**Student:** 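Structure below; questions to follow.
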Number of protein chains: 2
Amino acid sequence: MVLKTQKEPRFDLIELLFFAYRDFTGDPDTLLTEIGYGRAHHRVLHFVNRNPGLRVSDLLEILKITKQSLGRVLKQLVDDGYIEQAPGEQDRRERLLHTTPTGNALCKKLAYLQTKRINETIAKMPDGSDETIRQFLYLMIDESQRGAVAAMIAKKQKT
Amino acid sequence: MVLKTQKEPRFDLIELLFFAYRDFTGDPDTLLTEIGYGRAHHRVLHFVNRNPGLRVSDLLEILKITKQSLGRVLKQLVDDGYIEQAPGEQDRRERLLHTTPTGNALCKKLAYLQTKRINETIAKMPDGSDETIRQFLYLMIDESQRGAVAAMIAKKQKT
DNA sequence: GCGATAAGTCAACATAGCTGACCCTTTTTG
DNA sequence: CAAAAAGGGTCAGCTATGTTGACTTATCGC
């Protein structure tokens, strides 16, 4: 008897993930385009908003992009008054990042669009689905990264 | 009493989706980079493989990109022998697309990587989670698009 | 004082999207 | 049947976002 090394390809979940993620990011994309920003700006704004006082090098670690790539979008966000930088108190080489009230407002607006889609989806599903979905997505993350993600999510939501 | 228009932002699911999708696409990305391809090639190869005899305009509809953007990657895939084009029998203006055996093999290899992650995840979850996840992802898709996605997934898996 | 670290910057390049303007072939339509 | 429409291809140029590599400045820690 032949021993199969794995079941059939899960084209269903592969394709569902593709289309679901496309539409999930489509909502904010529309708004961002209107103000001349892209998805890169969204990511920076989001993670700075969620981690006030973040160091530049920590942000690079989260986004896994280079200093030069970050530099371009971060400079725009700072110039446009969405993000501010403050020297670290202990270590004055650091530029601790945080959103301005305007930046926070934009971030909330973008999060609202995505939350709306999520809430509308979950409202159509049986009770308890929420936890199953969270668990699935969490376990889809590289094991080495799960701790950091869990820590960020556990933070109080300073909206 | 103030009536809230919505619950708090779902930062947990927003962030889980971001990181899960990043790692989900990271597996094939590594392999693709080795052969000089990007995620754009993967998408074209995947959808042609899943929909043999697809017309170019149908592919544009699925990917929602322009003819010119598609042209670049499609040309490479054809030149490299992963995809072939055949004139339509009824309408000879059409160029019906299908993968070659080599193209199918590459596609399977890439699908294997993603399926592995999915299967390992689901193996850690309670029975029945599978259906909840499928339902969630399906409902996250724009309502107008769901029919087309469901139809594609329902196809027999000619791996 | 000196090497390491945090951050910023300049230049050049690649990928993958876009618009606009054309062309060729084939089908459809008046 | 001639003209319009449709399927597909291609050229040129632009934008967004990622990459390397090299260098500067300020500050920290030993």
Side-chain angles (χ1 to χ4, degrees), chain A residues 18 21-22 25-26 28-48 51 53-80 83-98, chain B residues 18 22 25-26 28-48 53-80 83-98:
Chain A
F18 173 74
Y21 194 76
R22 203 245 298 272
T25 53
D29 281 354
T30 306
L31 205 162
L32 288 159
T33 301
E34 287 170 19
I35 57 176
Y37 280 172
R39 211 174 284 180
H41 300 86
H42 187 188
R43 287 198 287 266
V44 171
L45 190 64
H46 174 91
F47 287 112
V48 170
N51 303 276
L54 196 70
R55 299 182 321 149
V56 168
S57 57
D58 293 333
L59 185 51
L60 291 175
E61 186 59 30
I62 292 173
L63 298 174
K64 298 206 192 304
I65 59 174
T66 58
K67 194 172 43 164
Q68 295 89 326
S69 294
L70 174 62
R72 267 189 306 233
V73 293
L74 184 55
K75 192 178 185 313
Q76 283 182 272
L77 288 163
V78 170
D79 288 350
D80 297 347
I83 288 180
E84 279 178 348
Q85 296 167 296
E89 303 237 319
Q90 281 75 40
D91 186 338
R92 285 178 306 168
R93 285 174 305 182
E94 300 170 346
R95 300 297 163 84
L96 307 186
L97 305 169
H98 52 94
Chain B
F18 172 74
R22 200 246 294 270
T25 53
D29 281 354
T30 306
L31 205 161
L32 288 159
T33 300
E34 286 170 18
I35 58 176
Y37 280 173
R39 210 173 286 180
H41 300 85
H42 186 189
R43 287 198 288 265
V44 171
L45 190 63
H46 173 91
F47 287 112
V48 170
L54 196 70
R55 298 182 322 149
V56 169
S57 58
D58 293 334
L59 185 51
L60 292 176
E61 186 60 29
I62 291 172
L63 297 174
K64 298 205 193 304
I65 59 174
T66 59
K67 193 171 47 163
Q68 296 89 328
S69 293
L70 174 61
R72 267 188 308 230
V73 294
L74 184 55
K75 192 177 186 313
Q76 282 182 272
L77 288 163
V78 171
D79 289 349
D80 295 348
I83 288 180
E84 279 178 347
Q85 295 166 297
E89 305 235 319
Q90 281 75 38
D91 187 337
R92 288 177 303 168
R93 286 174 304 183
E94 300 171 346
R95 302 296 163 82
L96 308 185
L97 306 169
H98 53 94

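Source: prediction; values computed, not measured. Just so it is clear, the values below take in all heavy atoms, side chains as well, and ignore hydrogens, waters and symmetry mates. A note on names: the letters A, B, ... follow the listed sequences, proteins ahead of strands, and every chain is numbered from 1.
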**Student:** Give me the residues of residues 64-73 of chain A where at least one heavy atom lies under 4.0 Å from an atom of DNA chain C, by number, or none.
**Tutor:** A/Lys67, A/Gln68
**Student:** Show the atom names and distances, to 0.1 Å, of all donor-acceptor pairs under 3.5 Å that link a side chain in residues 34-42 of chain A to residues at least two apart or in another chain.
**Tutor:**
unit_1  : atom_1 : unit_2  : atom_2 : d
A/Tyr37 : OH     : A/Asp80 : OD2    : 2.4
A/Arg39 : NE     : A/Asp29 : OD1    : 3.3
A/Arg39 : NE     : A/Asp29 : OD2    : 3.3
A/Arg39 : NH2    : A/Thr25 : OG1    : 3.3
A/Arg39 : NH2    : A/Asp29 : OD2    : 2.6
A/His41 : ND1    : A/Gly38 : N      : 2.9
A/His41 : NE2    : A/Gln76 : OE1    : 2.9

**Student:** Is it the case that more than 12 heavy atoms not belonging to B/Gln85 sit under 6.0 Å from its CD atom?
**Tutor:**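 Check passes, neighbour count above 12.
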**Student:** Starting from the C-alpha separation in whole Å, work towards a yes-or-no answer on side-chain contact (heavy atoms from CB on, under 4.5 Å) for A/Leu77 and A/Val48.
**Tutor:** CA-CA 11 Å; A/Leu77 288 163; A/Val48 170; over 6 Å; no
**Student:** Just how far is it from atom CG of B/Leu60 to atom CG of B/Leu54, taken to the nearest 0.5 Å?
**Tutor:** 9.0 Å
**Student:** Find the distance A/Ile83:CD1 to C/dA7:P and express it as a whole number of Å.
**Tutor:**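 In whole Å, C/dA7 P and A/Ile83 CD1 are 14 Å from each other.
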**Student:** Look for any protein N or O under 3.5 Å of an N or O in nucleotides 24-26 of chain C and output each such pair with its distance, or none.
**Tutor:**
unit_1 : atom_1 : unit_2  : atom_2 : d
C/dT26 : O2     : B/Arg93 : NH1    : 3.4

**Student:** With A/Phe18, which residues qualify under ring pair (Phe, Tyr, Trp, His ring centres under 6.0 Å), at least two apart?
**Tutor:** B/Phe47
**Student:** Under the side chain to side chain donor-acceptor pair (under 3.5 Å) rule, collect the residues that match up with A/Lys67, sequence neighbours excluded.
**Tutor:**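 So A/Lys67 forms no side chain to side chain donor-acceptor pair (under 3.5 Å) with any residue.
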**Student:** Strictly below 4.0 Å: does A/Gln85 bring a side-chain N or O up to OP1 or OP2 of C/dA7?
**Tutor:** no
**Student:** Taking side chain to side chain donor-acceptor pair (under 3.5 Å) as the definition, give me every residue that meets it alongside B/Arg95, ordered by chain and number, with sequence neighbours left out.
**Tutor:**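 Testing B/Arg95 for side chain to side chain donor-acceptor pair (under 3.5 Å), a comparison that skips the adjacent residues, returns none.
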**Student:** Just to be sure I understand the geometry, which residues of residues 34-42 of chain B put a non-hydrogen atom under 4.0 Å away from DNA chain D?
**Tutor:** none
**Student:** With each end axis built from five pairs of C1' atoms, what bend angle do you get for the helix from C/dG1-D/dC30 to C/dG30-D/dC1? Round to 10°.
**Tutor:**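 The end-segment axes of the helix from C/dG1-D/dC30 to C/dG30-D/dC1 are tilted 20° relative to each other.
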**Student:** Starting from C1' on C/dA6, measure out to CD on A/Glu61 and report it in whole angstrom.
**Tutor:**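 Taking CD of A/Glu61 and C1' of C/dA6, I get 14 Å after rounding.
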**Student:** What is the distance from atom CD of B/Glu89 to atom CG of B/Leu96, rounded to the nearest 0.5 Å?
**Tutor:**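 So the CD of B/Glu89 and the CG of B/Leu96 are separated by 8.5 Å.
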**Student:** Would you say B/Arg43 places a side-chain N or O within less than 4.0 Å of OP1 or OP2 belonging to C/dG17?
**Tutor:** yes
**Student:** Mind checking what makes side chain to side chain donor-acceptor pair (under 3.5 Å) contact with B/Thr33, not counting sequence neighbours?
**Tutor:**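 Partners of B/Thr33 by the side chain to side chain donor-acceptor pair (under 3.5 Å) criterion come out as none, since no residue qualifies.
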**Student:** So, using side chain to side chain donor-acceptor pair (under 3.5 Å) as the criterion, who are the partners of A/Arg55 when residues are at least two apart?
**Tutor:** A/Ser57, A/Asp58, A/Glu94
**Student:** Taking salt bridge (Lys or Arg N to Asp or Glu O under 4.0 Å) as the test, write out the residues that go with B/Arg92, two or more places apart.
**Tutor:** none
**Student:** Is the shortest heavy-atom distance from the side chain of A/Val44 to the side chain of A/Ile83 under 4.5 Å?
**Tutor:**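 Yes. Closest side-chain heavy atoms under 4.5 Å.
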**Student:** Please find the earliest and latest nucleotides of DNA chain D, in the 5' to 3' direction, that have an atom within less than 4.0 Å of any heavy atom of chain A.
**Tutor:** D/dT17 to D/dC28
**Student:** To the nearest 0.5 Å, what is the distance between CG (B/Leu74) and CG (B/Leu97)?
**Tutor:**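 Nearest 0.5 Å value for the CG-CG distance: 5.5 Å.
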**Student:** Write down the distance between CG (A/Asp29) and C1' (C/dG17), rounded to a whole number of angstrom.
**Tutor:** 12 Å
